[in-house]
Amino acid sequence: MTPEVTDLLTEVCHSLDHEIKGVSTAERIRTGFEIAIVGAPNVGKSTLLNALAGRKAAITSEIAGTTRDVIEVRMDIHGMPVTLLDTAGVRETDDYVEGLGIDLALERANNADLVVVLSEDYSLPVGIFASDDVLLYRPKVDSGAAERGVSGVTGNGIDALLADISTRLQKKTANVGIATRERHRVSLVNARQYLESASTLLSYGPDRYEFCVAEIHAAVVALDSLIGRIDVESVLDEIFSSFCLGK
């Protein structure tokens, strides 16, 4: 029956969506998740980066706007590879070069897997939007148990920040499936497009069933490289037996 086939195609598309999403995460597991450190100038971003990296990877200065480019440091956080990004301080400026650095900072932050925002009043910089991937911390909290406070100078709150980052990254890795390579993603995307087309054709009624068969056949072929050689005709016979029952 057509509703049953439609439900079947929808269920397969949802499964493919899960696998497609998992491919990018699998790639991150191999190459490293990107974590951007963002905040106003002279708020302690470079100092925090150095503390997390365990070495002086970025220049620190009392002069606001020292960081103009994005500084990248690769490290391991609780067994997961990451790349920390120290970015230019976000503020309004008439300095052309500093403005370029701020634009780059926002671009890299918005494309990063996680964003650690250092803010003395817990507000977000212009261009950064609240989400589950944004971790908001108060900087330069050198001691005590202030809520979400951290200091790159004394190390206060560093362990809590690392645990927070680790928890967020572990949630991201939960959607990794059997597909782990770019060629897998391409096959999955192609298969999903064919199945979506098949669903559309199916809604037009029996006159389009033949074209629907062709789209499902193409989807199976697209997935063949992932699951090995299968009997395409058997799959089609099983699906279209429902059509026969619905007539």
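Note that these values count all heavy atoms, side chains included, but never hydrogens, waters or copies made by symmetry.
Around CZ of Phe33, the count of heavy atoms belonging to other residues, nucleotides or ligands within 6.0 Å exceeds 12. Atom CG of Asp132 is surrounded by 12 or fewer heavy atoms from other residues, nucleotides or ligands within 6.0 Å.
Under the 4.5 Å side-chain criterion, counting only non-hydrogen atoms from C-beta, Thr87 is not in contact with Ile102. You'll find the side chain of Leu52 stays beyond 4.5 Å of the side chain of Ile35, heavy atoms only. Leu202 is not listed as a side-chain neighbour of Arg208, based on a closest heavy-atom distance of 4.5 Å or more. Contact check for Ile71 versus Leu85: no side-chain heavy atoms found under the 4.5 Å cut-off. Counting heavy atoms from C-beta outward, Ile128 and Val90 have side chains that stay 4.5 Å or more apart.
Considering OG1 of Thr10 and NE2 of His14, their distance stands at 6.0 Å, rounded to 0.5 Å. One finds the CG atom of Leu136 at 8.5 Å from the CG atom of Asp121 (value rounded to the nearest 0.5 Å). One distance of note links CG of Leu201 with OH of Tyr194; it measures 13.0 Å at 0.5 Å rounding.
Between the side chains of Glu196 and Thr200, no donor-acceptor pair is found at a separation under 3.5 Å. Under 3.5 Å, the side chains of Asp133 and Ser131 contain no donor-acceptor pair of N or O atoms. Counting only N and O atoms by type, the side chains of Asp142 and Ser151 include a donor and acceptor under 3.5 Å apart.
Here the shortest heavy-atom pairing between Tyr137 and Val150 reads CB-CG1, 4.1 Å. Between Val141 and Gly149, the closest heavy-atom pair is CG2-CA, 3.8 Å.
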I'd like to know whether Thr93 forms a side chain to side chain donor-acceptor pair (under 3.5 Å) with Asp95, so could you lay out the CA-CA distance, the side-chain angles of the two residues, the decisive distance to 0.1 Å, and finally the verdict. CA-CA 5 Å; Thr93 180; Asp95 186 303; 5.4 Å; no
Assess whether side chain to side chain donor-acceptor pair (under 3.5 Å) is satisfied between Ser46 and Asp86, documenting all intermediate values. CA-CA 6 Å; Ser46 297; Asp86 180 24; 2.6 Å; yes
Starting from the C-alpha separation in whole Å, work towards a yes-or-no answer on side-chain contact (heavy atoms from CB on, under 4.5 Å) for Asn110 and Val115. CA-CA 8 Å; Asn110 286 317; Val115 180; over 6 Å; no
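Applying the salt bridge (charged side-chain N to carboxylate O under 4.0 Å, His left out) test to every pair with at least one member in residues 33-46, sequence neighbours left out, gives these pairs: Glu34-Arg108.
Side chain of Asn190 to backbone of Val186: a donor-acceptor contact under 3.5 angstrom is found. Looking only at distances, no side-chain donor or acceptor of Ser197 sits under 3.5 Å from a matching main-chain atom of Gln193. In terms of modelled atom types and a separation under 3.5 Å, the side chain of Ser166 and the main chain of Leu162 share no donor-acceptor contact.
Each of Leu106, Val43, Val117 was scored for a side-chain contact (heavy atoms from CB on, under 4.5 Å) with Pro125, with one residue passing: Val117.
Applying the salt bridge (charged side-chain N to carboxylate O under 4.0 Å, His left out) test to Glu107 and every residue at least two apart in sequence or in another chain returns nothing.
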